[in-house]
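Inspection log for the structure reproduced underneath, given as structure tokens.
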There are 2 protein chains.
Amino acid sequence: MRLTTKGRYAVTAMIDLSLNQGHGPVTLRSISQNQGISLSYLEQLFAKMRKSGLISGTRGPGGGYILNRDVDRISIADIVVAVDEPLDITECAGREDCQDGRRCLSHGLWSELSDQLYGFLAGISLGELMRQSGLTRIREESRQVEVPSLADTA
Amino acid sequence: MRLTTKGRYAVTAMIDLSLNQGHGPVTLRSISQNQGISLSYLEQLFAKMRKSGLISGTRGPGGGYILNRDVDRISIADIVVAVDEPLDITECAGREDCQDGRRCLSHGLWSELSDQLYGFLAGISLGELMRQSGLTRIREESRQVEVPSLADTA
DNA sequence: CAATAACCGAGTAATATAGTTGGTTATTGA
DNA sequence: TCAATAACCAACTATATTACTCGGTTATTG
């Protein structure tokens with residue numbers, strides 16, 4: 001398991017989505033503007049998360065993305081895994097034929113650590129992450145500005 | 001905090017170093033051969049870890065690297081941080097002037113998660129990681145092959 | 001039918017990763 | 001003293017990943 005800026009972008013975007021849902025689907029355009037992430041990059045990230053079943057999109061005016069599960073049933077690990085595909089870079093790359101035992105250092109140990117890290121991130125839900133830094137307050141403030149109901153998207 | 005393959009290389013190398021110390025300093029050449037990591041890349045990684053005070057090197061024949069602290073007093077976080085420099089990619093990049101509160105999603109939340117991750121990795125020592133997958137056995141096997149005392153480095 | 005917004009794919013620039021090359025300096029033992 | 005070892009160092013290179021741009025299509029709405 002890796003944890004790169006790509007995963008960070010995805011988690012950030014998902015939090016923005018979480019904060020602004022309940023007003024119907026959230027557009028990538030608004031997330032792009034709020035978070036300063038390019039629209040196309042968001043599209044790529046969201047395509048992966050959609051394929052992983054985390055979200056679903058609806059087209060046309062009033063469309064956008066919604067979470068498929070409750071914020072407390074989507075973990076950070078879900079998001080990171082969806083977006084940051086594993087890309088096996090072990091020496092022996094899947095094959096268990098590391099000859100002399102020594103080559104296996106990378107194979108065995110890192111995957112062990114990786115599992116632990118996964119478990120850790122799987123234990124943090126989107127909901128928990130949202131709540132734990134007084135962001136709900138900010139949410140209230142930004143609501144009326146943030147989710148204009150189709151009228152003033154200019 | 002990021003967690004990339006670079007950190008993985010560093011941790012793997014440090015475990016190799018841990019397993020083979022006690023016979024004196026361990027050369028990068030031997031780590032390179034054991035783990036299949038290029039010598040020069042190891043040099044770059046070890047330069048950073050040396051600057052972080054995790055290890056120290058001695059030159060000349062019989063030289064190599066040793067850990068500066070006990071394996072149980074060096075954490076995975078120490079290694080990752082030494083090697084995978086932070087590289088602030090928050091929107092507001094350090095400046096706290098994110099104007100409207102919304103921009104701060106990336107700023108506040110990820111650093112919070114990052115802190116938690118750091119705490120997690122700081123709680124795992126090199127020693128623990130070494131011990132927890134039956135690697136001490138492998139160590140015994142590889143010892144006589146692995147750390148020839150200066151004679152047969154061919 | 002025009003506007004919206006997801007969806008899609010091919011490209012591109014910038015950066016990070018991993019390695020190469022070609023050194024120097026310090027230490028050792030013959 | 002000298003040759004071998006091995007850390008230390010800097011510049012350069014190839015590849016991969018990141019993040020973005022561009023130019024579309026499809027579905028939905030009013």
Side-chain angles (χ1 to χ4, degrees), chain A residues 2-10 12-13 17 24-33 35-51 55-66 80 83-91 106 147-154, chain B residues 2-10 12-13 17 24-33 35-51 55-66 80 83-91 106 147-154:
Chain A
R2 283 181 309 159
L3 200 57
T4 69
T5 55
K6 196 174 182 178
R8 205 191 78 131
Y9 276 109
T12 304
L17 174 51
V26 179
T27 66
L28 291 189
R29 165 190 281 262
S30 79
I31 296 177
S32 170
Q33 285 167 350
Q35 305 304 328
I37 307 169
S38 102
L39 184 59
S40 248
Y41 196 39
L42 282 175
E43 282 180 344
Q44 289 172 39
L45 299 177
F46 275 65
K48 287 179 177 182
M49 293 193 286
R50 189 169 51 82
K51 278 163 194 158
I55 54 178
S56 42
T58 54
R59 296 181 178 186
Y65 285 96
I66 53 163
V80 169
V83 133
D84 236 352
E85 60 262 72
L87 189 65
D88 231 324
I89 5 79
T90 34
E91 213 59 40
S106 38
V147 193
S149 53
L150 263 185
D152 48 352
T153 16
Chain B
R2 283 181 309 157
L3 198 57
T4 69
T5 54
K6 196 172 182 180
R8 205 191 77 130
Y9 276 109
T12 303
L17 173 53
V26 179
T27 66
L28 291 190
R29 162 189 283 262
S30 79
I31 296 178
S32 170
Q33 286 167 348
Q35 305 305 328
I37 308 170
S38 99
L39 183 59
S40 250
Y41 195 40
L42 281 174
E43 281 178 345
Q44 290 171 38
L45 299 177
F46 275 66
K48 288 180 177 180
M49 293 193 285
R50 190 170 50 82
K51 277 162 195 158
I55 52 178
S56 44
T58 54
R59 296 181 177 186
Y65 286 95
I66 53 163
V80 170
V83 132
D84 234 352
E85 61 261 69
L87 188 63
D88 232 324
I89 4 83
T90 33
E91 215 57 40
S106 39
V147 194
S149 54
L150 259 184
D152 48 349
T153 17

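Bear in mind the structure is a predicted one, so any value in this text is a computation, not a measurement. So you know, we letter chains A, B, ... as the sequences are listed, proteins then strands, and number each from 1.
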Going by heavy atoms in the side chains, are B/Leu42 and B/Arg29 under 4.5 Å from each other?
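Sidechains of B/Arg29 and B/Leu42: no contact.
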
Within a strict 4.5 Å, meaning less than it, do heavy atoms of the B/Tyr9 and B/Lys6 side chains meet?
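In short, these two side chains do not touch, never coming nearer than 4.5 Å.
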
Backbone of A/Ser38 reached by a side-chain donor or acceptor of A/Ser32 within 3.5 Å:
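It does not hold such a pair.
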
With rounding to the nearest 0.5 angstrom, report the CG to CD distance, B/Leu39 to B/Gln44.
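Rounded to the nearest 0.5 Å, the CG-CD separation comes out at 10.5 Å.
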
At what distance, to the nearest 0.5 angstrom, does CG of A/Leu17 lie from OG1 of A/Thr27?
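Here the rounded value is 10.0 Å.
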
Between atom [atom1] in [X] and atom [atom2] in [N], what is the gap in whole Å?
X       : N      : atom1 : atom2 : value
B/Arg8  : D/dT17 : CZ    : C1'   : 17 Å
A/Lys48 : C/dA6  : NZ    : P     : 18 Å
A/Ile55 : C/dA6  : CD1   : C1'   : 11 Å
B/Gln33 : D/dT5  : CD    : C1'   : 14 Å
B/Arg50 : C/dA26 : CZ    : C1'   : 13 Å
A/Ile66 : C/dA5  : CD1   : P     : 16 Å
B/Arg59 : C/dT27 : CZ    : P     : 7 Å
B/Leu39 : D/dT5  : CG    : P     : 14 Å

Under 4.0 Å between a side-chain N or O of [X] and OP1 or OP2 of [N]?
X       : N      : result
A/Thr58 : D/dT28 : no
A/Thr27 : C/dT4  : no
B/Tyr65 : D/dC8  : yes

DNA chain C-proximal residues of residues 40-47 of chain B, any heavy atom under 4.0 Å:
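Within this stretch, B/Ser40, B/Tyr41, B/Gln44 sit under 4.0 Å of the strand.
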
B/Asp84/B/Arg2 salt bridge by N-O under 4.0 Å criterion:
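Counted as a salt bridge, because a side-chain N and a carboxylate O are separated by less than 4.0 Å.
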
Minimum-distance nucleotide (side-chain atoms of [X] versus [options]):
X       : options                : value
B/Pro61 : C/dA18, C/dG19, D/dT5  : D/dT5
A/Asp84 : D/dT18, C/dA6, C/dA18  : D/dT18
B/Leu28 : D/dA7, D/dT26, C/dA16  : D/dA7
B/Lys6  : C/dT17, D/dC20, D/dA27 : C/dT17
B/Thr5  : D/dT26, D/dC20, C/dA18 : C/dA18

Scan every strand shown for a Watson-Crick or G-U wobble partner of C/dG19, both distances under 3.5 Å, and answer none if you come up empty.
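Across any shown strand, C/dG19 pairs with D/dC12.
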
Name the pairing partner of C/dT28, where a pair is Watson-Crick or G-U wobble with both distances under 3.5 Å, or state none.
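Base-paired to D/dA3.
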
Closer to the 5' end of DNA chain D via nearest nucleotide, is it B/Gly57 or A/Gly60?
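Nearest nucleotide further toward 5': that of B/Gly57.
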
Give the ring-plane orientation class for A/Phe46 versus A/Tyr65, where under 30° counts as parallel, over 60° as perpendicular and anything between as tilted.
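Ring orientation, 0 to 90° scale: tilted.
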
Heavy-atom closest contact (B/Thr58 atom, B/Pro25 atom, distance):
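Looking at all heavy atoms of both residues, the closest pair is OG1-CG, 3.8 Å.
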
